[in-house]
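Report on the following structure.
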Amino acid sequence: MNRYRNDPAGIAALVRPDSVHRDVYCNPEVFDLEMERLWHRAWVYVGHASQVPNAGDYYTANVGREPVIMVRGGDGKVRVLMNRCAHKGAKLLSAAQGACPGGILRCPYHGWTYRLDGSVRTIPLREGYAGSGLEESPAARGVAAVANVAQYRGFVFARLSAAGLSFEDYFGESLSSMDNMADRSPVGRLEVTGGVLRYMHDCNWKMFIENLNDTMHPMVAHESSAGTARDLWKTQPPDAPKPMVIEQFLPFVSSYEFFDKMGVKVYPNGHSYTGVNFSIHSQYSAIPDYEAAMQGAYGAERARAILGEARHNTVYYPSLTIKGAIQTIRVVRPITVDRTLIESMTLRLVGAPDSLLERSVMYTRLINAPTSVVGHDDLHCYRSIQEGLAAGGNEWVSLHRNCPPAEPSVVGTHNGTSEVSMRGQFRAWLAGMTAPEGPR
Amino acid sequence: MTIAVPADGELAAFVYHEARLIDEKRFAEWYDLFAEDGLYWMPLTRDQPDGRVHTSLFYEDRLLLKVRIERLKNPNSFSQAQPSWCQHVLQAPAVESRDDARNQYVVRTPFVYAESQGDRQDIYAGVAWHHLAVLEGRLRMRVKKIDLLNRGAALPSLQLFL
């Protein structure tokens with residue numbers, strides 16, 4: 001299928017200022033081009049430096065469809081290497097994470113070994129390559145290291161394309177959400193811990209990521225789960241202590257007015273967050289020990305400012321979403337046009353009491369797990385879109401909500417129920433899909 | 001019929017009955033098998049010691065179980081617009097430990113579980129650990145812990161109870 005590959009105008013025609021063509025979700029060729037272009041040019045989340053605390057520790061991931069290794073070298077530097085032996089292409093590491101035995105990478109097939117920066121260390125019977133041309137071939141260069149890697153508050157990103165925006169220009173002020181999550185630690189550090197929930201979504205990746213700043217769905221899609229929790233809670237005596245689970249469920253069935261006033265902030269390049277003014281995380285019970293530790297570390301005023309933020313989902317387009325106020329993240333791994341793996345993790349605020357981590361763990365289980373009654377209804381809706389878009393009569397998906405005529409820019413703060421964040425994502429999508437090809 | 005000290009056969013019969021109640025969606029009766037402080041737990045990793053500071057697939061007290069059961073009655077449970085059904089197939093439950101004096105009984109039951117919805121059917125395997133006690137003359141679950149074989153895999157929606 002080569003309908004779109006050589007037709008930039010055809011790609012451009014898929015995105016209108018207020019709507020998108022169904023092919024962006026359903027067409028396998030468009031998905032292939034997304035992986036080659038958008039995901040190649042974007043700064044894509046790989047992992048968190050706390051997952052590789054010591055030299056030789058590794059974590060495996062995918063950037064788009066390309067398997068990579070995040071590894072800490074003997075020099076303490078975190079690198080991202082292609083997970084491919086320079087010889088015949090076998091993946092060097094197949095476990096999700098671990099420590100490289102002996103502080104080297106060794107291919108399980110023919111035993112080529114590499115240093116932690118990817119350079120060739122040994123090749124068995126190397127004299128057999130004398131005069132063969134190997135030394136001038138790509139194999140002699142060892143395991144390819146991704147040139148463009150950046151780390152911010154421990155979050156490690158890679159850009160596969162040699163050309164493109166710098167990390168700072170790509171994310172800009174949206175990095176403030178990572179700052180706020182990390183600043184919630186009295187020592188300013190985060191640690192990924194508590195396990196990885198892996199939830200297979202049989203839908204296009206964009207349905208998931210659009211939903212993260214969609215505030216018009218919780219009161220509908222989650223009425224059966226959060227609404228049931230609310231109704232059960234109503235039967236309790238008024239002075240009964242409110243369990244954490246009730247605190248976390250109830251805000252999902254807040255009013256339209258609540259979600260509208262929450263506000264959404266949109267940055268360039270597809271990034272955004274909901275919860276500018278307050279959010280579903282604003283009313284959690286105080287944890288006095290923690291607040292005391294924060295005041296001790298930052299002073300009362302600064303601690304109040306850090307904890308006063310209650311940002312809900314921040315989207316780091318296209319690969320990562322984070323919840324600063326509850327210290328959970330979700331990583332988007334597109335597999336095919338209608339299949340996406342969502343990995344959810346919790347983060348410990350280093351120096352904070354365990355009760356904070358306990359709250360994060362409960363939240364991610366209640367909301368993001370394959371066993372979550374909230375997640376079930378979300379995924380049901382995404383799958384319904386994937387199947388429903390095959391219907392004829394209308395090939396367009398509406399993103400009109402609060403779209404002014406000839407919307408000049410999406411950047412800025414908007415009412416929370418606007419679909420402006422999705423329009424911002426598709427502006428970034430179009431730029432990533434149609435930018436002139438840089439060197440690969 | 002009230003029980004004072006359960007025979008091994010009574011412990012095994014409890015496990016068979018408990019699975020049947022789930023498969024037949026007799027959830028009110030199933031819920032009633034949990035002790036007041038009962039816990040339904042499916043860890044996310046092997047040898048996971050804790051469900052509070054480590055994420056689990058299920059870590060449900062009676063309140064959370066109640067939310068799940070009541071939700072299934074809600075016509076707006078859209079993921080159940082086409083209802084799921086499940087089937088347990090149990091290996092013979094083995095009494096792993098018994099302590100009559102302390103009223104503590106642990107039963108181990110390997111199982112295969114299928115969950116079906118529309119044209120889709122997902123098959124799981126694992127081991128169920130029932131921590132039982134005689135309370136007010138009948139057996140109840142203090143903990144039902146499920147060690148799912150593929151707990152670390154990328155899972156689809158798992159919508160009923162193992």
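Every chain is numbered from 1 and lettered A, B, ... according to where its sequence line falls, protein lines coming before strand lines. Not measured: the values here are computed from a predicted model.
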(request) Go through the steps to decide whether A:Asp231 and B:Arg71 satisfy the test salt bridge (charged side-chain N to carboxylate O under 4.0 Å, His left out), and finish with yes or no. (result) CA-CA 10 Å; A:Asp231 295 345; B:Arg71 171 182 172 270; over 6 Å; no
(request) Please lay out, stage by stage, how B:Phe78 and A:Ser384 fare under the test side chain to side chain contact (heavy atoms under 4.5 Å, CB included). (result) CA-CA 10 Å; B:Phe78 302 112; A:Ser384 298; over 6 Å; no
(request) Check the surroundings of atom CZ in A:Arg189: do more than 12 heavy atoms from other residues, nucleotides or ligands lie under 6.0 Å from it? (result) no
(request) Tell me, out of B:Gln159, B:Gln80, B:Glu70, who's got the most heavy-atom pairs with chain A below 4.5 Å. (result) B:Gln159
(request) Under 4.5 Å, counting heavy-atom pairs only, tell me which of B:Leu160, B:Val67, B:Leu72 racks up the most with chain A. (result) B:Val67
(request) Tell me, for B:Leu155 versus chain A, whether the close heavy atoms (under 4.5 Å) come from the side chain, the backbone, both or neither. (result) both
(request) Sort by residue number and list every member of residues 47-64 of chain B having a non-hydrogen atom under 4.5 Å from chain A. (result) B:Gly51, B:Arg52, B:Val53, B:His54, B:Thr55, B:Ser56, B:Leu57, B:Phe58, B:Tyr59, B:Glu60, B:Leu63, B:Leu64
(message) For chain B, which candidate among A:Thr193, A:Val196, A:Asp378, A:Leu341 shows the most heavy-atom pairs at distances under 4.5 Å?
(response) A:Val196
(request) Please say whether more than 12 non-hydrogen atoms of neighbouring residues, nucleotides or ligands are located less than 6.0 Å from CZ in B:Arg26. (result) yes
(request) Please assess B:Arg120 against A:Asp202 for the test side chain to side chain contact (heavy atoms under 4.5 Å, CB included), listing each intermediate value before the final yes or no. (result) CA-CA 12 Å; B:Arg120 177 177 185 132; A:Asp202 35 4; 3.5 Å; yes
(request) Enter the distance from B:Ser77:OG to A:Asp377:CG here, rounded to the nearest 0.5 Å. (result) 6.0 Å
(message) Please check if the number of heavy atoms outside A:Gln283 that lie under 6.0 Å from its CD is greater than 12.
(response) no
(request) Evaluate whether atom CZ of A:Arg65 has more than 12 neighbouring non-hydrogen atoms of other residues, nucleotides or ligands under 6.0 angstrom away. (result) yes
(request) Would you please name every residue forming a ring-ring contact (aromatic ring centres under 6.0 Å, His included) with A:Tyr25, sequence neighbours left out? (result) none
(request) Let me know if A:Ile342 has heavy atoms under 4.5 Å from chain B in its side chain, its backbone, both or neither. (result) neither
(request) Drop me the distance from B:Ser157's OG to A:Arg383's CZ, to the nearest 0.5 angstrom. (result) 6.5 Å
(request) Calculate, to the nearest 0.5 Å, the distance between atoms CZ and CZ belonging to A:Arg198 and B:Arg151 respectively. (result) 14.5 Å
(message) So which residue, A:Leu366, A:Thr371, A:Thr364, ends up with the most heavy-atom pairs under 4.5 Å with chain B?
(response) A:Thr371
(request) Check whether A:Leu197 gets within reach of chain B through its side chain, its backbone, both or neither, counting any heavy atom under 4.5 Å. (result) both
(request) Give the member of A:Met200, A:His201, A:His380, A:His376 that has the highest number of heavy-atom pairs under 4.5 Å with chain B. (result) A:His376
(request) Select one option (side chain, backbone, both, neither) describing which atoms of A:Thr346 are under 4.5 Å from chain B's heavy atoms. (result) side chain
(message) Under a 3.5 Å distance rule, please check whether B:Asn76 uses its side chain to pair with a backbone N or O of A:Glu223 as donor and acceptor.
(response) no
(request) Go through the atoms of A:Val245 and report whether side chain, backbone, both or neither lie under 4.5 Å from a heavy atom of chain B. (result) side chain
(request) Using non-hydrogen atoms and a 4.5 Å limit, figure out which bit of A:Leu356 sits close to chain B: side chain, backbone, both or neither. (result) neither
